Amino acid sequence: MIPTPDLSHLTKEDFEHVYEPAEDTFLLLDALEVDAQDLKNIAPTICLEIGSGSGCVLSFIGGILGPSTLYLSTDINPHACRCTRSTGAQNKVSIDPINVGFASPLYNRLKHAVDLIVFNPPYVPTFEDEVRGAQDTRDIQGSWAGGLDGMGVTGVFLEHVEELLSLHARFYLVAVKDNNLPKIQQNMLKKHGLQSEVVLQRRAGREHLFVLRFVRNVM
Amino acid sequence: MVRLITHNLLACHVKGCNTNNFPLQFKDVQIELREAEFNPDFLKGFMPKLEWKALVDAARQLGDTTLPLEQPEMLDDEFLKNLHHVLLEIHVEEGVMTCSNCKHEYPVSNGIPNMLLAEHEIG
C-alpha cells in the first residue's frame with residue numbers, strides 16, 4: 001500500500017487558493033495504485049501533471065516511482081505551484097513546478113517524450129462564460145469550473161496531449177459522467193489514435209467520477 | 001525550482017514565436033546550490049533527452065564550466081558527477097529567462113518560473 005501524501009504543512013489559507021484533495025483526487029490516487037506495478041515497469045523518465053494543485057497526486061506518484069523520474073508540474077495558479085513544490089519537499093519528492101496553463105512551453109522539447117501524464121481537470125459543468133473567467137482569476141475557481149459540459153478546459157488539452165506522449169506512455173484523466181465519456185473516448189481514438197479504458201469509477205454525492213487511462217493504439 | 005534540467009525543456013511559447021525560441025537566456029539570476037542524491041541510472045536515462053549545447057551554455061552562464069562541449073561517449077564517474085551537479089543541484093531561485101527571438105521575459109520568483117502569457121500572446 002502506498003501512503004497518501006502528507007499534506008500537514010499546508011494551511012487553511014493555502015486551501016483558500018488551492019483545491020484541497022477531495023473524492024476526485026482520491027479516486028485518481030486509487031487508480032494509480034491499481035496500476036502501480038505497470039507504472040513501475042514502464043519506468044517513466046518524465047512524468048508531468050497538468051494542474052497539479054496541492055501537489056498531492058504527483059507526490060503520490062513519486063512514492064510509487066521513486067527518484068529515477070523527473071517530476072514536472074504545471075498550474076495556472078501560482079499558489080498551486082508553491083504548494084506543489086512544498087508538498088513534494090514534505091514527501092521527499094523533487095517536483096519542478098511551472099506556472100502556466102496546460103504544457104505549452106514544453107511541446108517544443110518534449111514531443112513524444114513524456115511517459116506519464118496525469119490531469120484532474122476542472123470538470124464541473126458551469127455556465128460557459130464561467131470557464132474563461134475562472135481560469136483568468138488564476139485562483140481556486142479555476143480548479144473546478146468546466147463550462148457547459150464540463151469540457152471547456154479538458155477539451156483544449158485533449159487536442160494536444162498526443163503530441164507529448166511517448167510510445168509506451170500512459171495518460172490518466174479524471175472525468176465525470178456529464179463530460180460524456182463515450183464521446184471523449186471515441187474522439188481520442190479516431191482523432192489521436194489513443195485507446196482508453198475506465199480504470200475506476202465511483203459515486204461521490206452528486207458526482208459520478210471516472211478515471212480514464214489512455215495508451216497508444218498499437219495495431 | 002528552475003533547475004537546469006527543467007530549463008533545458010522550456011521554450012518560449014508566445015504566439016508565432018517558433019524559431020530560435022530555445023533555450024531561454026538567463027538574466028539577473030540568484031542561484032542556490034542544494035545537494036541531491038546521486039543517481040547515475042537516472043542521468044544515463046535522461047541524457048538522450050538533453051539538448052547538450054543548451055545545457056553547457058546555460059551552465060557556463062551560471063559559472064559552471066565542468067561539462068565538455070560535446071556529449072562524451074564514455075560516461076565515467078567524474079563526468080556523471082559533474083552532470084548531476086549541473087542538472088539537479090543548481091537552482092535558479094530569482095531572475096529572468098528571456099527568449100532570444102521575441103525577447104519575451106519570463107520571470108523566476110521563489111524558484112518558480114512564471115510562463116503565463118497575456119491573452120493576445122497565447123497561440
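Everything numeric in this text was worked out from a predicted model, so none of it was measured. The chains referred to below are lettered A, B, ... by the order of the sequence lines, with proteins before strands, and numbering in each begins at 1.
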Heavy-atom pair count under 4.5 Å with chain B, highest-scoring of Pro97(A), Pro78(A), Ala43(A): Pro97(A)
Could you look at Leu106(A) and say if it's the side chain, the backbone, both or neither that has a heavy atom under 4.5 Å from chain B? both
Phe157(A) vs Phe119(A) aromatic rings, parallel, tilted or perpendicular, using cut-offs 30° and 60°? perpendicular
For residues 65-85 of chain B, give me every residue with a non-hydrogen atom less than 4.5 Å from any non-hydrogen atom of chain A. none
Side chain, backbone, both or neither of Thr69(A) within contact of chain B (heavy atoms, under 4.5 Å): backbone
In terms of heavy-atom pairs under 4.5 Å with chain B, which of Leu72(A), Thr74(A), Ile98(A) leads? Ile98(A)
Pick one of side chain, backbone, both or neither for Leu110(A), based on which atoms fall under 4.5 Å of a heavy atom in chain B. side chain
Can you tell which part of Ile76(A) gets under 4.5 Å to a heavy atom of chain B, answering side chain, backbone, both or neither? both
Using a cut-off of under 4.5 Å on heavy-atom pairs, state which of Leu9(B), Asn114(B), Leu10(B) scores highest against chain A. Leu9(B)
Taking every heavy atom of Gly53(A) against every heavy atom of Asp75(A), the minimum-distance pair comes out as N-OD2, 2.9 Å
Which atom pair, heavy atoms only, marks the closest approach of Val199(A) to Leu212(A)? CG2-C, 4.4 Å
side-chain hydrogen bond (donor to acceptor under 3.5 Å, both in side chains) between Gln37(A) and Asn41(A), intermediate numbers included: CA-CA 6 Å; Gln37(A) 193 53 50; Asn41(A) 293 343; 3.3 Å; yes
Using the rule side chain to side chain contact (heavy atoms under 4.5 Å, CB included), only one of Leu116(A), Val93(A), Asp96(A) pairs with Tyr71(A); which is it? Val93(A)
Tyr19(A) OH to Asn120(A) CG distance, which is reported to the nearest 0.5 Å: 6.5 Å
Got Asn99(A) and Arg138(A) here, is their nearest side-chain heavy-atom distance under 4.5 Å? no
Does the side chain of Asn108(A) come under 3.5 Å of the side chain of Asn21(B) through a donor N or O and an acceptor N or O? yes
Heavy-atom distances under 4.5 Å only: say whether Glu51(B) touches chain A with side chain, backbone, both or neither. both
Least distance between heavy atoms, Val100(A) atom then His13(B) atom: CG2-CE1, 3.5 Å
Would you find more than 12 non-hydrogen atoms of other residues, nucleotides or ligands less than 6.0 Å from His168(A) atom NE2? no
Applying a strict 4.5 Å limit to non-hydrogen atoms, the region of Leu88(B) in contact with chain A is neither
